[in-house]
Amino acid sequence: MTTADAWSATPVTAVLVLADGTVIEGQGFGATGQACAEVCFNTAITGYEEILTDPSYAGQIVTFTFPHIGNVGTNDEDVETVNMASASGVRGAILRADVTDPSNYRSSRHLDAWLKARDIIGLSGIDTRALTALIRERGAQNAIIAHSPEGIFDLDALKAAAANWPGLVGMDLAKDVTAGQSFTWDETSWVWNDGYGQRQDDSFHVVAIDYGIKRNILRLLADAGCKVTVLPASASAEDVLSREPDGIFLSNGPGDPAATGEYAVPVIRELVASGLPLFGICLGHQMLALALGGETVKMHQGHHGANHPVYDRTTGKVEITSMNHGFAVDAASLPETVEETHVSLFDGSNCGLRISGQPVFSVQYHPEASPGPRDSHYLFRRFTNLMRARRGDTELPEKAAPAAA
Ligand SMILES: NC(=O)CC[C@H](N)C(=O)O
């Protein structure tokens with residue numbers, strides 16, 4: 001496949017080399033050097049900064065199907081990693097058009113400089129539609145991205161590196177992105193005020209285990225009335241329970257959920273046995289399924305975007321969701337005590353579960369969005385309602401009242 005075209009009739013300064021030897025040439029931006037990872041595509045039209053700072057993308061290179069990326073620059077507020085300067089996430093960004101100068105009042109930095117500072121390699125000027133079609137056909141690809149301003153590439157070495165990269169199956173990356181120490185969080189959201197913007201109830205204490213947690217999850221937990229203690233991925237059940245939480249949260253994160261089987265999954269099993277309300281998102285959902293005796297599988301191309309329809313079997317409603325996952329829970333593997341609550345309307349894959357008769361539930365998608373639609377914010381209220389019920393308080397409506405004008 002050759003991708004140099006009229007759009008990018010300039011010297012080749014970056015390449016993407018797939019494990020099968022395919023070489024895709026374009027222009028480099030951001031960091032220089034090279035990085036092996038899995039290439040996926042994301043169909044979201046907005047929110048590139050949130051996507052590029054979602055720790056769940058560690059070990060991956062994101063191809064944006066939307067052609068204009070970078071035109072609103074970057075800022076400090078839209079960063080999703082808890083550690084603002086963290087470089088341990090996405091390995092590369094692939095764009096159709098070259099990054100233009102930012103034009104937005106919130107911008108404080110050009111995407112190019114911002115990527116450099118975060119050690120993320122950029123490749124632009126390629127036919128992203130062709131690459132997306134290739135991934136759809138053959139599945140997410142192992143690859144190497146390389147940026148050399150001098151345009152010097154050892155293609156044989158790059159091909160060998162891409163072919164030898166082991167791939168995400170079996171790779172535990174949560175341990176690389178988790179915060180090294182515990183911290184507390186009580187900052188509410190400021191961008192979205194959909195009625196949860198004011199703290200509803202200060203008295204819930206939630207312990208969140210950080211496998212690569214996103215800021216907006218923490219903000220929405222705070223909006224829903226929780227004071228959050230965040231513990232590293234290595235936390236034991238005793239570490240969690242000794243904080244006397246009202247509820248437990250399992251975060252999103254990168255890598256293969258099954259690769260966390262030696263440390264996180266047994267801890268989650270013990271936490272489920274505690275009987276406390278428990279809520280999991282994405283990697284947290286997958287690890288909960290494993291803890292309950294289910295299995296996870298690698299998907300063909302994964303789900304990465306901000307317009308994925310999901311059916312909530314418990315209410316009969318459809319919500320449009322943000323997604324970012326390459327593994328999925330095999331619903332058929334779940335034991336009878338576990339109910340499938342949500343399914344993808346794109347491919348029928350599992351998108352949620354709960355334990356019958358126990359305050360434990362999780363979803364595969366990202367209800368905190370960031371970027372994406374707000375349809376699923378109700379799940380944070382569903383979580384606090386489980387904590388309310390446990391202490392005998394009346395439950396609050398899941399749908400927030402519209403924000404005052
Ligand atoms: N966003 C996430 O938590 C991703 C979970 C997991 N790493 C996957 O790709 O399926």
Side-chain angles (χ1 to χ4, degrees), residues 37-44 47 50-63 80-82 88-91 135 139-142 166-179 208-218 220 233 249-261 264-265 268 279-291 294-306 308 310 321-331 333 342 344 346-347 349-353 362-372 376 379:
E38 179 188 277
V39 198
C40 63
F41 63 85
N42 187 307
T43 53
E50 291 95 323
I51 291 166
L52 292 170
T53 53
D54 175 351
S56 315
Y57 276 117
Q60 285 176 298
I61 297 166
V62 178
T63 306
E80 279 298 326
T81 27
V82 173
S88 54
V90 71
R91 306 310 313 271
I135 293 169
Q141 300 286 302
N142 294 345
L168 287 178
V169 174
M171 205 176 264
D172 173 20
L173 295 170
K175 65 172 177 5
D176 297 343
V177 298
T178 185
I209 310 188
D210 171 20
Y211 304 107
I213 201 162
K214 288 171 66 186
R215 278 176 175 255
N216 214 44
I217 292 178
L218 290 166
L220 293 191
F249 176 78
L250 308 175
S251 87
N252 62 295
D256 184 347
T260 66
V265 172
I268 294 169
F279 176 27
I281 288 179
C282 213
L283 185 71
H285 162 72
Q286 297 164 348
M287 295 189 304
L288 174 63
L290 293 171
E295 283 166 20
T296 50
V297 289
K298 179 85 167 84
M299 300 170 86
H300 177 69
Q301 69 192 51
H303 290 157
H304 310 276
H308 285 246
V310 165
T321 73
S322 274
M323 289 206 185
N324 170 22
H325 64 113
F327 293 84
V329 172
D330 174 8
S333 71
H342 297 76
S344 162
F346 276 166
D347 61 9
S349 59
N350 171 266
C351 284
L353 64 80
S362 59
V363 288
Q364 178 61 77
Y365 49 96
H366 284 266
E368 82 287 2
S370 212
S376 314
L379 289 164

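Read the numbers this way: they start at 1 and go in the same order the structure lists the ligands and their atoms.
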(request) Please say whether Leu283 places an N or O atom under 3.5 Å from an N or O atom belonging to ligand 1. (result) yes
(request) Report yes if Ser56 has an N/O atom closer than 3.5 Å to an N/O atom of ligand 1; otherwise report no. (result) yes
(request) Give a yes or no on whether the backbone of Phe327 and the side-chain of Gln286 come within a donor-acceptor separation of less than 3.5 Å. (result) yes
(request) Indicate the ring-plane relationship of His325 and His303, choosing parallel, tilted or perpendicular according to the 30° and 60° boundaries. (result) perpendicular
(message) What protein heavy atom lies closest to atom 8 (C) of ligand 1? Include the residue and the distance to one decimal.
(response) Gly326 N, 3.3 Å
(request) Might you point out which heavy atoms bring Met287 and Val265 nearest each other, and give the distance in Å? (result) O-CG2, 4.2 Å
(message) Could you check whether Asn216 and His366, counting side-chain N and O atoms only, form a donor-acceptor pair closer than 3.5 Å?
(response) no
(request) Look at atom 2 (C) of ligand 1 and say which protein heavy atom is nearest, naming residue and atom and giving the distance to 0.1 Å. (result) Cys282 SG, 2.9 Å
(message) Checking the N or O distance criterion of under 3.5 Å, is ligand 1 in contact with Phe327?
(response) yes
(message) Below 3.5 Å, N or O to N or O, backbone or side chain included: is there any such pair between Asn252 and ligand 1?
(response) no
(message) Using ring centroids (six-membered ring only for Trp), state whether Tyr365 and His342 fall under 6.0 Å.
(response) yes
(request) Starting from atom 7 (N) of ligand 1, find the nearest protein heavy-atom neighbour and note its residue, name and distance. (result) Gly255 O, 2.7 Å
(request) Report yes or no: does Thr178 contribute a side-chain atom to a donor-acceptor pair with the main-chain N or O of Lys175 at less than 3.5 Å? (result) no
(message) Determine whether a donor-acceptor pair (N or O, by modelled atom type, separation under 3.5 Å) exists between the side chain of Thr81 and the backbone of Pro55.
(response) no
(message) Side chain, backbone, both or neither: which applies to Gln286 and ligand 1 if a contact is any heavy-atom pair less than 4.0 Å apart?
(response) side chain
(message) Quick test: of every protein heavy atom, which one is nearest to atom 4 (C) of ligand 1, and how far off is it to 0.1 Å?
(response) Gly253 O, 3.1 Å
(message) Quick check on Met323 - does any of its heavy atoms sit under 4.0 Å from an atom of ligand 1?
(response) no
(message) At less than 4.0 angstrom from any non-hydrogen atom of Pro254, what atoms of ligand 1 do you find?
(response) 7 (N)
(request) Mark yes or no for whether Thr53, through its side chain, and Glu80, through its backbone, hold a donor-acceptor pair below 3.5 Å. (result) yes
(message) If the cut-off is 4.0 Å to any non-hydrogen atom of His325, which atoms of ligand 1 fall inside it?
(response) 8 (C), 9 (O), 10 (O)
